[in-house]
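Everything on this sheet refers to the single structure shown next.
Quick note: numbers below take in every heavy atom, side chains included, and nothing from hydrogens, waters or symmetry partners. We count ligands from 1, going down the list as the structure has it; atoms in each ligand are counted the same way.
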Amino acid sequence: MSAAKSDSGFDVELPRSLKAERRGEVAILRLARAQKRNALDDPTVFGIEAFFSALPEGIRAAVLAGEGEHFCAGLDLSELTARDTAQGIAHSRGWHRAFERIEFGKVPVVAVLHGAVVGGGLELAAACHIRVAESSAYYALPEGSRGIYVGGGASVRLPRLIGTSRMMDMMLTGRIYDAGEGQACGMSHYLVAPGEGLAKGIELAERIAGNSPMTNFAVTHVLPRIAEADPASGYLTEALMAAIAQGDDEAKARLKAFLEKRAPKTVRN
Ligand code: 1HE
């Protein structure tokens with residue numbers, strides 16, 4: 001483990017496979033195990049959990065990226081052979097817990113994807129709120145050919161992005177989607193040229209950081225629950241959230257700024 005606080009300002013112990021950096025209100029976490037293609041071993045997964053559990057005050061958005069030629073080669077397969085069934089369940093639940101710290105954490109998270117985004121790497125990307133893909137990115141679920149099954153939340157999160165039938169195809173046939181296909185079917189929100197992903201991810205994170213924290217909370221914590229609720233409960237929850245948001249001082253200040261012509265209009269670039 002290396003103490004991240006001294007060199008990055010984060011009050012959390014991170015393994016060597018993770019590097020943290022702060023840029024104003026944006027936290028940047030990098031997978032830094034390029035020699036193993038950023039494969040996710042236990043220390044890395046626990047480190048991701050610790051990092052997103054302990055984001056300091058003043059951080060309002062985060063970026064998750066990978067060093068080297070690939071975002072992430074998924075589960076560290078060398079750890080898998082030693083586990084029995086009960087340990088396998090505990091391991092998968094550990095990944096669920098860690099990735100929930102991203103999905104339902106303190107701030108929205110932008111993933112920057114390049115090269116292999118496969119297996120557990122795709123599960124990690126799917127737990128983030130926004131995905132920026134460089135044109136080198138490709139997506140696969142090699143679990144099918146390795147004789148295993150996804151365990152990091154893909155069964156829940158990937159169908160929301162690309163649909164159950166595409167996920168079935170990926171697992172049964174080993175189909176690989178390139179970056180363009182991934183963009184077209186909903187894996188990524190933004191597609192950029194090689195080397196431009198991090199800058200785009202930070203630009204988006206800075207924009208997100210400029211939103212009211214209440215709105216960001218509503219979008220990341222409440223919207224996904226409403227989307228899966230029965231419509232009657234969903235409409236009610238939406239109304240409650242809308243009322244809570246508009247009652248917030250920041251909303252009042254922002255609305256006043258618009259009415260006094262001090263806020264930007266919603267126009268096309
Ligand atoms: C690894 C892993 C890994 C690389 N676990 N060690 N994921 C997969 O099935 C994908 C497996 N990886 C690959 O297919 C390839 O490594 C890549 C296409 C990602 C990259 O290829 P390449 O040619 O750049 O690198 P490489 O030579 O294959 O790998 C470099 C080193 O990283 C090598 O180790 P070395 O000691 O020989 O140098 C590889 O063994 C090592 N490495 N990927 C362990 N994944 C919660 S359930 C989730 C289930 C899954 O994620 S299953 C999908 C697993």
Are any of the N or O atoms of [X] closer than 3.5 Å to those of ligand 1?
X: Ile148; value: no
X: Gly152; value: no
X: Gly151; value: no
X: Arg37; value: yes
X: Tyr138; value: no
X: Arg146; value: yes

Selected option - heavy-atom contact closest to atom 34 (O) of ligand 1, from Lys36, His91, His70: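 Checking each option, the heavy atom nearest atom 34 (O) of ligand 1 is found in Lys36.
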Nearest-option assignment for atom 51 (O) of ligand 1, heavy atoms, candidates Gly68, Gly120, Gly115, Gly144: Gly120
Close-contact set for ligand 1 against [X] heavy atoms, below 4.0 Å:
X: Asp76; result: 5 (N), 44 (C)
X: Glu143; result: 48 (C), 49 (C), 50 (C), 51 (O), 52 (S)
X: Ala39; result: 2 (C), 3 (C), 5 (N), 45 (N)
X: Pro142; result: 8 (C), 9 (O), 53 (C)
X: Gln35; result: 30 (C), 31 (C), 32 (O)
X: Gly74; result: 51 (O)

SB check [X] [Y] (cutoff 4.0 Å):
X: Glu123; Y: Arg157; value: no
X: Glu203; Y: Lys200; value: yes
X: Asp76; Y: Arg33; value: yes
X: Arg23; Y: Glu21; value: yes
X: Glu228; Y: Arg160; value: yes
X: Arg37; Y: Glu69; value: no

Ligand 1 versus [X]: contacting region, heavy-atom distance under 4.0 Å:
X: Ala73; value: both
X: Glu69; value: neither
X: Leu141; value: neither

Does the protein come close to [atom] - that is, does one of its heavy atoms sit below 4.0 Å from that atom?
atom: atom 47 (S) of ligand 1; result: yes
atom: atom 5 (N) of ligand 1; result: yes
atom: atom 30 (C) of ligand 1; result: yes
atom: atom 13 (C) of ligand 1; result: no

Quick one: nearest non-hydrogen protein atom to atom 45 (N) of ligand 1, plus distance? Leu75 O, 2.9 Å
Do any heavy atoms of Glu123 fall under 4.0 Å from ligand 1? yes
Would you check whether Leu122 reaches within less than 4.0 Å of ligand 1, judged by its heavy atoms?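 No.
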Kindly indicate whether a cation-pi arrangement holds for Arg175 with Tyr139, taking the cut-offs as under 6.0 Å to the six-membered ring centre and within 45° of the axis. no
Heavy-atom side-chain proximity of Met214 to Glu250 below 4.5 angstrom: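 The answer is no, as the side chains (C-beta and beyond) never meet within the 4.5 Å cut-off.
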Linked, directly or transitively: Leu80 and Val150 (ILVMFWY side chains, under 4.5 Å):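 Yes; Val150 is reachable from Leu80 via cluster members.
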Hey, quick one: are Ile162 and Leu113 part of the same hydrophobic cluster, counting side-chain heavy atoms closer than 4.5 Å, chains of contacts allowed? yes
If you take the centroid of each ring, where Trp contributes its six-membered ring, are Phe10 and Phe51 closer together than 6.0 Å? yes
Measure the acute angle between the ring planes of His221 and Phe217, then classify it against the limits of 30° and 60° as parallel, tilted or perpendicular.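 Answer is parallel, since the angle falls under 30°.
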Determine whether more than 12 heavy atoms belonging to other residues, nucleotides or ligands lie under 6.0 Å from atom OH of Tyr235. no
Just one of Asn38, Val112, Val118, Leu31 clears the side chain to side chain contact (heavy atoms under 4.5 Å, CB included) bar with Phe71, so which one? Leu31
